[in-house]
**Q** 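What follows is a structure written as structure tokens; I'll ask about it next.
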Amino acid sequence: MPAPLDASKHKRRRGLTLLRRQLYVILESGRRTTASRIFDISIVLLILANVAAVVAETEPSIATWIRGDLLLFDEISVGIFTLEYLARLWVCVEHPPLVGRPRREARLTWATTPPMLIDLAAILPFYVSLLVAFDPKIALLFRLVRFLKLARATPALGTLGRVLYNERRAIFGAIVIMLGLIIGSAAVMYEIEGAVQPEAFGSIPRAMWWAAATLTTIGYGDVVPITPLGKLMAGFVMIAGFGMFALPVAIISSGFAAEIHRRDFVVTWGMVARVPLFGGLDALTIGNLVQLLHAQAVEPGTLIGRKGEEATGMYFIMSGQVQIEFPTGPVMLGEGEFFGEMALLQSRHRAADIMALTRCTLLKLHSGDFSRFMLRHPDVYERIRRIADERLRDLKRRTELESEMAEIKIEKGSQADEIAG
């Protein structure tokens, strides 16, 4: 009797493991499946709806009208967010860095990561409010924490976070400069305007309000200098305000551009390394090649190259399928293959139409970069020439074979006419 029970238990465990892996693909793997897209879009819409509900609840005319509906919506949202939190905690053992670790330890480690702490902060106040009385205004502020959940579903926010962390020293330096300008401007205006306007500039802390408002280009106008020297100083402070804002903006924008470039470089590196043609290249050579390649996505049915036009570069197929319409018949090329090299090697126009059969990701090497790279790497040049020569021989053989077949058909037709005559 125990054997069937053990088999049933094992089957149930295997089913739970399969379900956990499927949920992991949807929730945490990063793979863009249909289910994961639907889930991400649904969660983003729910988060935005929660933020809109919090904003609407602060307006008395709206809150008194639909307060019951807003409370019901909040309870449903908390229920969904709670299920999401528990599901993420359950499937985290499938995460590669946590595989092999004790499940309790893995889940505890995962629960302390920033995204999971944000998820917990988004639902915990609701459950605490069931036990402890909360000020409604404070409860509303805690509900706005749910907006931070967008960071998980929006990669751009994660990129911005990495940029701020990477540039933290430069940003801290910019903040120190800002504080120095505010304190310095306030001190000077205290000396100039302190005796004339003691209420506004009678001390450095009082003058700091004017300095902060002027340097940030807000300039409320509630406090203004009235002496000629004070007005002159105010003009310098206004001009300094433009530079003060430009400094952190320049730091963050340059850091953001560098982060995007690094990400694109890593992605392109991985794509190039998969091409069999470059299998024997060292890391330095691949790095040089990556700098020259330009990625582009092509939709199905797009004409990539037209017969008779000037060849502007060769292409490497990272994903998808391409069809080349030679006179002797179509040739299909897939992932890891390349095309367009024959026109560049022989300095001639394209000999066939090239069309994308499926959605393709291509890397293009422009003709000028092609020539320079081949001069520096003759081994790659020889590989490409050898493959191009093989393709030309195949085309010639196919052409000759079709010519022979055509001649045979003509001869048979002539013999048939003679017999008929």
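Since this is a predicted model, take the numbers as computed values, not measurements. Quick note: numbers below take in every heavy atom, side chains included, and nothing from hydrogens, waters or symmetry partners.
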**Q** Under 6.0 Å from the CZ atom of F73, do we count more than 12 heavy atoms belonging to anything else shown?
**A** yes

**Q** T34 versus I38: any side-chain heavy-atom pair under 4.5 Å?
**A** yes

**Q** Could you give the distance from CD1 (I66) to CG (L71), rounded to the nearest 0.5 Å?
**A** 10.5 Å

**Q** Is the number of heavy atoms from other residues, nucleotides or ligands under 6.0 Å of Y190 OH greater than 12?
**A** no

**Q** The criterion is side-chain contact (heavy atoms from CB on, under 4.5 Å); which residues satisfy it with R88, sequence neighbours excluded?
**A** L27, E28, F39, E84, M116, D119, R152

**Q** For L108, enumerate each residue passing the side-chain contact (heavy atoms from CB on, under 4.5 Å) test, keeping only those at least two apart in sequence or located in another chain.
**A** none

**Q** From L16 CG over to L23 CG, what is the distance, rounded to the nearest 0.5 angstrom?
**A** 10.5 Å

**Q** Which value, rounded to the nearest 0.5 Å, describes the distance between N166 atom CG and I252 atom CD1?
**A** 12.0 Å

**Q** Starting from the C-alpha separation in whole Å, work towards a yes-or-no answer on side-chain contact (heavy atoms from CB on, under 4.5 Å) for F81 and L46.
**A** CA-CA 9 Å; F81 289 144; L46 184 61; 3.6 Å; yes

**Q** Is the shortest heavy-atom distance from the side chain of V78 to the side chain of R143 under 4.5 Å?
**A** no

**Q** Would you say I304 and F339 make side-chain contact, with heavy atoms under 4.5 Å?
**A** yes

**Q** Is S185 close to L215 at the side-chain level, that is, under 4.5 Å between some pair of heavy atoms?
**A** yes

**Q** How would you list, by chain and number, every residue that makes a side-chain contact (heavy atoms from CB on, under 4.5 Å) with I118, sequence neighbours excluded?
**A** L148, K149

**Q** Heavy-atom distance under 4.5 Å between the side chains of V223 and F201, does that happen here?
**A** yes

**Q** Output all residues satisfying ring-ring contact (aromatic ring centres under 6.0 Å, His included) with W90, sequence neighbours left out; order by chain, then residue number.
**A** none

**Q** Taking the side chain as everything from C-beta on, heavy atoms only, tell me whether V91 gets closer than 4.5 Å to V25.
**A** no

**Q** Dump the intermediate steps for side-chain contact (heavy atoms from CB on, under 4.5 Å) on L181 and I177, then the final yes or no.
**A** CA-CA 6 Å; L181 283 172; I177 293 173; 4.3 Å; yes

**Q** Look only at the side chain of R146 and the backbone of I47, and say whether a donor-acceptor pair between them is shorter than 3.5 Å.
**A** no

**Q** Quick one: CG on L333 to CD1 on I317, what's the gap to the nearest 0.5 Å?
**A** 5.0 Å

**Q** According to salt bridge (charged side-chain N to carboxylate O under 4.0 Å, His left out), who are the partners of R21, at least two apart in sequence or on a separate chain?
**A** E94

**Q** Under a 3.5 Å distance rule, please check whether T214 uses its side chain to pair with a backbone N or O of A211 as donor and acceptor.
**A** no

**Q** Would you indicate whether the side-chain heavy atoms of R107 and V93 approach each other to under 4.5 Å?
**A** yes

**Q** At what distance, to the nearest 0.5 angstrom, does CE of M189 lie from CD1 of I204?
**A** 12.5 Å

**Q** Mind listing the closest non-hydrogen atom pair of A186 and A207 along with its distance?
**A** O-CB, 3.5 Å

**Q** Can you sort out the partners of R206 under salt bridge (charged side-chain N to carboxylate O under 4.0 Å, His left out), two or more places apart, ordered by chain and number?
**A** none

**Q** Sequence neighbours excluded, which residues qualify as side-chain contact (heavy atoms from CB on, under 4.5 Å) partners of R168?
**A** Y165

**Q** Which donor-acceptor pairs under 3.5 Å do the side chains of residues 236-243 make with protein atoms, sequence neighbours left out?
**A**
none

**Q** If you measure from CG on L362 to CZ on F316, what distance do you get to the nearest 0.5 Å?
**A** 11.0 Å

**Q** Please list all pairs meeting side chain to side chain donor-acceptor pair (under 3.5 Å) that have one or both residues in residues 122-132, counting only residues at least two apart or in different chains.
**A** T82-Y127

**Q** Is a side-chain donor or acceptor of T358 paired with a backbone partner of G320 at a separation under 3.5 angstrom?
**A** no

**Q** With E105, which residues qualify under salt bridge (charged side-chain N to carboxylate O under 4.0 Å, His left out), at least two apart?
**A** R101

**Q** Give me each pair satisfying salt bridge (charged side-chain N to carboxylate O under 4.0 Å, His left out) with a member in residues 352-375, each pair once, sequence neighbours excluded.
**A** E299-R359, D369-R372

**Q** Which pair of non-hydrogen atoms, one from G230 and one from E193, has the smallest distance, and what is that distance?
**A** CA-OE2, 3.6 Å

**Q** What's the verdict on side-chain contact (heavy atoms from CB on, under 4.5 Å) for V54 and D74, showing C-alpha distance, side-chain angles and the deciding distance?
**A** CA-CA 9 Å; V54 171; D74 181 55; over 6 Å; no

**Q** Scan residues 239-252 for pairs that pass salt bridge (charged side-chain N to carboxylate O under 4.0 Å, His left out), counting only residues two or more places apart or in two chains.
**A** none

